[in-house]
Protein chains: 2
Amino acid sequence: MIISDNLKMYVQKLRSSNLRPTKQRLKICQFLFNREKTFHFTVEILNKKINKNRGTKVSLATIYNTVEAFTSAGYLKEILTSKNKSYYDTNTKSHHHFYDEGSKELTDIHYSQIKLSKVPIPPKGKKIKNLEVVIRIQK
Amino acid sequence: MIISDNLKMYVQKLRSSNLRPTKQRLKICQFLFNREKTFHFTVEILNKKINKNRGTKVSLATIYNTVEAFTSAGYLKEILTSKNKSYYDTNTKSHHHFYDEGSKELTDIHYSQIKLSKVPIPPKGKKIKNLEVVIRIQK
DNA sequence: TTTCTAGTTTAGAATTATTATAAACTATAA
DNA sequence: TTATAGTTTATAATAATTCTAAACTAGAAA
Ligand SMILES: [Mn+2]
Ligand SMILES: [Mn+2]
Ligand SMILES: [Zn+2]
Ligand SMILES: [Zn+2]
């Protein structure tokens with residue numbers, strides 16, 4: 001197996017978070033992070049894509065474990081949008097989304113594209129943890 | 001059984017939506033709508049409250065059916081906030097929420113308390129269905 | 001008032017997404 | 001090379017919700 005440059009990069013990235021660079025994790029890194037644009041996905045989608053072309057299979061449990069590990073490490077962000085499925089995002093910067101109720105797909109909205117000119121003060125003792133907007137759209 | 005005035009009102013309300021005024025639905029109406037302030041709940045919470053004091057029990061299936069029927073009829077609104085549990089709201093007007101990640105409770109924010117001075121145009125062919133903000137708070 | 005029937009309730013089974021378990025495997029430090 | 005903690009995996013368990021089908025009932029019609 002030829003170790004490409006970006007593979008070496010992912011090995012470092014994983015090591016820096018105390019995650020061993022296993023072949024499963026590296027395969028998932030390549031798939032998720034070796035791309036230009038933001039990728040939004042559910043575990044179901046990721047599992048299908050990773051295991052599409054036959055070859056060494058990555059188990060569903062490992063897909064779940066890895067998504068959880070990458071989220072904890074800050075490589076992925078969870079987007080709360082749907083009531084019965086978790087969505088994840090390779091764009092970990094603070095930003096907003098369109099959520100298409102028909103196709104069930106998320107699209108990025110750059111943080112500066114929404115301006116909140118009035119925001120209420122949270123109840124005392126509480127602070128705002130997250131203020132990212134999900135705009136629900138449909139045909 | 002004495003039929004109180006508000007019970008008669010709920011009978012009409014249900015009939016107007018082609019829902020038969022069964023004793024289960026009326027009990028749930030009394031509990032949900034005979035109050036001053038907004039009530040936010042999950043099916044689990046509603047089930048506990050309705051079946052707290054022993055007496056005639058309403059089955060969990062009926063709680064689910066009724067919440068679904070009331071939501072379709074426009075008497076309840078579903079709030080998408082948590083990844084694995086549905087939240088409902090007796091306040092069906094357009095408004096925003098604080099969601100406390102600790103207590104997992106929703107609090108109303110009046111529609112006028114948040115001002116969005118810049119909102120992106122949705123992709124062509126799509127229109128905005130809902131623009132209600134959930135502000136996640138914690139200690 | 002009685003009868004009829006579509007609508008409703010219910011217990012329990014099924015489904016879906018996710019998490020837990022525990023045995024087999026493996027990266028890597030010693 | 002060996003030891004071992006971390007990882008993967010199949011499978012079981014769990015939690016929320018939906019489905020199923022039999023029993024029940026509201027209310028229209030006879
Ligand atoms: Mn669910
Ligand atoms: Mn779940
Ligand atoms: Zn995004
Ligand atoms: Zn509310």
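All chains are named by letter (A, B, ...) in the order of the sequence lines, taking the proteins before the strands, and each is independently numbered beginning at 1.
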Between P of dT18(C) and CD1 of I45(A), the distance in whole Å: 11 Å
So, is R20(B) close to the dT9(C) phosphate, meaning a side-chain N or O under 4.0 Å from OP1 or OP2? no
Could you state the NZ-P distance from K23(A) to dT26(C), rounded to the nearest angstrom? 6 Å
Nearest nucleotide by nearest heavy atom, which residue falls closer to the 5' end of DNA chain D, P21(B) or V43(B)? V43(B)
Whole angstrom is fine here: how far is it from CZ in R25(A) over to P in dT9(D)? 11 Å
How about T107(A) and T38(A): do any of their side-chain heavy atoms sit closer than 4.5 Å? no
Which of the following nucleotides, dA11(C), dT8(C), dT9(D), is nearest to the side chain of A61(B)? dA11(C)
Note: for L60(A) and N65(A) on DNA chain C, the residue whose nearest nucleotide lies more 5' is L60(A)
If I take atom NZ in residue K83(A) and atom P in nucleotide dA16(D), what distance separates them, rounded to the nearest angstrom? 14 Å
Taking atom NZ as the centre, does K115(B) end up with more than 12 heavy-atom neighbours from other residues, nucleotides or ligands that are less than 6.0 angstrom away? no
Distance check needed: dA5(D) C1' versus L19(A) CG, whole Å only. 14 Å
Measure from the side-chain heavy atoms of Q24(B) and tell me the nearest of dG27(D), dT10(C), dT8(D). dT10(C)
Considering only NZ, NE, NH1 and NH2 on the basic side and carboxylate oxygens on the acidic side, decide whether K83(B) and E78(A) come within less than 4.0 Å. yes
CD of E44(B) versus P of dT17(D): gap in Å, rounded? 9 Å
Under 4.0 angstrom, heavy atoms only, what part of the nucleic acid is S86(B) near: base, sugar-phosphate, or nothing? sugar-phosphate
Charged N to carboxylate O below 4.0 Å: is that the case for E101(A) and K126(B)? no
Within the structure shown, what part of the strands sits under 4.0 Å from T62(B) by heavy-atom distance: base, sugar-phosphate, or nothing? base
Would you indicate, yes or no, if dA17(C) has its OP1 or OP2 atom less than 4.0 angstrom from a side-chain nitrogen or oxygen of T42(A)? no
Along DNA chain D (nearest heavy atom to each residue), the more 5'-positioned of R15(B) and Y64(B): Y64(B)
Whole-Å distance separating the CZ atom of F70(B) from the C1' atom of dT9(C): 14 Å
May I have the distance from N47(B) (atom CG) to dT10(C) (atom P), rounded to whole angstrom? 11 Å
Surrounding NZ of K118(B) (heavy atoms of other residues, nucleotides or ligands, distance under 6.0 Å), is the total greater than 12? yes
